[in-house]
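Input: a single structure, listed below in structure tokens.
Residue numbering restarts at 1 for every chain, and letters A, B, ... go by the order of the sequence lines. Since we're looking at a predicted model, the values are computed, not measured.
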Protein chains: 2
Amino acid sequence: MSFEPPARDQIDLSAVLHALSDPQRRGIVAELAASDTPRPCGSFAPEITKSTRTHHFRVLREAGLVEQWKEGTSKMSRLRRDDIDARFPGLLDSVLSSEAFAQV
Amino acid sequence: MSFEPPARDQIDLSAVLHALSDPQRRGIVAELAASDTPRPCGSFAPEITKSTRTHHFRVLREAGLVEQWKEGTSKMSRLRRDDIDARFPGLLDSVLSSEAFAQV
DNA sequence: CACAAAGTTCGATGATCGTCGTATCATGTG
DNA sequence: CACATGATACGACGATCATCGAACTTTGTG
């Protein structure tokens, strides 16, 4: 049972908000948004286990936030910013800048 | 153990996103955002049970999205739009308009 | 081929979630 | 006071969640 990542029109708002409600995942998304160059999964969130990381990337992928492909032994990730922005205009930006803005 | 609703500076992004990730709660927030006149809890989401409704309002209140006060036998609710907008500029608007925009 | 590096899969665990029904409380009204 | 109304409290239920470790797969390199 493999998960087709959702097409642009199928991206679900609840799934996106749920995916973004976890700080760890939000951190990954923020890092992905900060630079366009794809990075291997392992270079994110070094403080958590590999399996937990796999889990978080799966949630992001199933929500439609992230696209992944293999490259050698590692797996690259890219933020589907175009799709998200097209489907939910302004949402991603406001979430990311909210994080940056609301530092206590 | 009663919940102090969070002050503006204590409103947590994860809690807000989690609260908004539930369609039922997002519906309540959307209705609250649509009209300024406070309404009793019972006038929302008539398809779910009273206790479930109470639960959802508690999540919204603890996340800082909603303020409530008693008025006679009923309990009124008000969206804390000013606080949310001040803390996370653009977030609430983009979530609400995302819902309206992305009708499949 | 042997080995290392990067991810995935597969339980498992403890926590939280959404929903419900029933009992209870508070407030207003006859 | 008796009763109705609106909401909360208290389990309880199955489902999902975030996290982990151990085993496994895939890919590249000596």
### Query
With a 4.0 Å cut-off on heavy atoms, is A/K75 in touch with a base, just the backbone sugar-phosphate, or nothing at all?
sugar-phosphate
### Query
Using a cut-off of 4.0 Å on non-hydrogen atoms, how would the nucleic acid contact of A/S74 be classed: base, sugar-phosphate, or nothing?
sugar-phosphate
Interatomic distance where [atom1] belongs to [X] and [atom2] belongs to [N] [whole Å]:
| X | N | atom1 | atom2 | value |
| --- | --- | --- | --- | --- |
| B/D22 | D/dC17 | CG | P | 13 Å |
| B/Q68 | D/dA7 | CD | P | 9 Å |
| A/F57 | C/dG7 | CZ | C1' | 11 Å |
| B/E71 | D/dG6 | CD | C1' | 13 Å |
| B/H18 | C/dC17 | NE2 | C1' | 6 Å |
| A/I48 | D/dC20 | CD1 | C1' | 11 Å |
| B/H56 | C/dC17 | NE2 | P | 12 Å |
| A/L60 | D/dA18 | CG | P | 10 Å |

Any side-chain N or O of [X] below 4.0 angstrom from OP1/OP2 of [N]?
| X | N | value |
| --- | --- | --- |
| B/T49 | C/dT19 | no |
| B/R58 | D/dA7 | no |
| B/T54 | D/dT8 | yes |
| A/H55 | C/dG7 | no |

### Message
Whether A/E67 and A/R61 form a salt bridge (side-chain N of Lys/Arg under 4.0 Å from carboxylate O of Asp/Glu) is what I want to check.
### Response
no
### Query
So does A/D93 pair up with A/R81, basic N to acidic O under 4.0 Å?
yes
### Query
Hey, does the Lys NZ or Arg CZ of A/R39 hover above the aromatic six-ring of A/F44, less than 6.0 Å from the centre and inside 45° of the axis?
yes
### Task
With DNA chain C as reference, determine whether B/K70 or A/S51 sits nearer its 5' end, using the nearest nucleotide of each.
A/S51
### Query
Can B/S21 and B/R26 be said to form a side chain to side chain donor-acceptor pair (under 3.5 Å), step by step?
CA-CA 7 Å; B/S21 75; B/R26 221 160 47 233; over 6 Å; no
